[in-house]
Amino acid sequence: MNLRSRNKRHAEMHNGALNDILFILLLFFLIVSTLANPNVIKLALPKAASNTKAKQTVVVSIDAGQKFFVGTNPVSFAELQAILASKIPAGEVDPTVVINAEESVPISAVVSVMQIARELGAKTVLGTAKPQNAPAR
């Protein structure tokens with residue numbers, strides 16, 4: 001005589017909904033992390049046909065009012081050399097200073113930043129935007 005119950009209950013947890021929620025959160029954080037760029041200052045860059053990529057050691061931005069920014073921090077022209085010297089690592093090979101200047105900024109302001117970077121032993125790259133009607137390469 002078998003007195004044991006034939007219908008044993010098994011405790012199960014369905015986690016399909018939990019997997020869906022975790023997947024959506026993962027996608028959300030991936031998309032948000034690619035859009036977040038802390039070194040962004042809104043400038044109208046001049047247009048150029050070529051697109052040069054360089055390892056960005058330091059970013060110097062010049063707005064229409066000839067205000068200088070290192071990263072997102074505003075600096076005066078007088079203290080620009082000292083701040084750039086502290087931002088460029090001493091042992092780095094080919095340090096690069098990327099210059100983002102609005103179209104209306106006089107070229108003399110851009111050249112002065114280039115001279116400071118050259119004195120510090122850094123290469124300079126002028127940031128430009130692609131023209132709207134340029135053919136894709």
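None of these values were measured; they are calculated from a predicted model. Sequence positions, counted from 1, serve as the residue numbers for this chain.
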Practice task
For Ile83 and Ser86, work out which heavy atoms get closest and say how close.
Solution key: O-OG, 2.7 Å

Practice task
With the side chain counted from C-beta on, respond yes when Ile107 and Val110 share a heavy-atom pair under 4.5 Å apart, and no when they do not.
Solution key: yes

Practice task
Give the minimum heavy-atom separation between Glu102 and Ala64, together with the two atoms involved.
Solution key: OE2-N, 3.7 Å

Exercise for the section: Applying side chain to side chain contact (heavy atoms under 4.5 Å, CB included), run through Leu80 and Val113 and close with a yes or a no. Expected result: CA-CA 8 Å; Leu80 184 63; Val113 174; 3.8 Å; yes

Fill in the blank from the handout: CG (Leu25) and CZ (Phe23) are apart, to the nearest 0.5 Å, by 11.0 Å

Handout entry: Interatomic spacing from CD1 in Ile21 to CG in Leu26 - rounded to 0.5 Å
Key = 13.5 Å

Completion exercise
Between the CG atom in Leu22 and the CG atom in Leu27, the distance rounded to the nearest 0.5 Å is 11.5 Å

Problem - For the student: nearest non-hydrogen atoms of Leu120 and Ala85, plus distance - result: CD1-N, 3.7 Å

Problem - Heavy-atom side-chain proximity of Ile88 to Val97 below 4.5 angstrom - result: yes

Handout entry: Which atom of Ala109 lies closest to which atom of Ile62, heavy atoms considered
Key = O-CD1, 4.2 Å

Handout entry: Separation of Met114 CE from Thr124 OG1 (nearest 0.5 Å)
Key = 3.5 Å

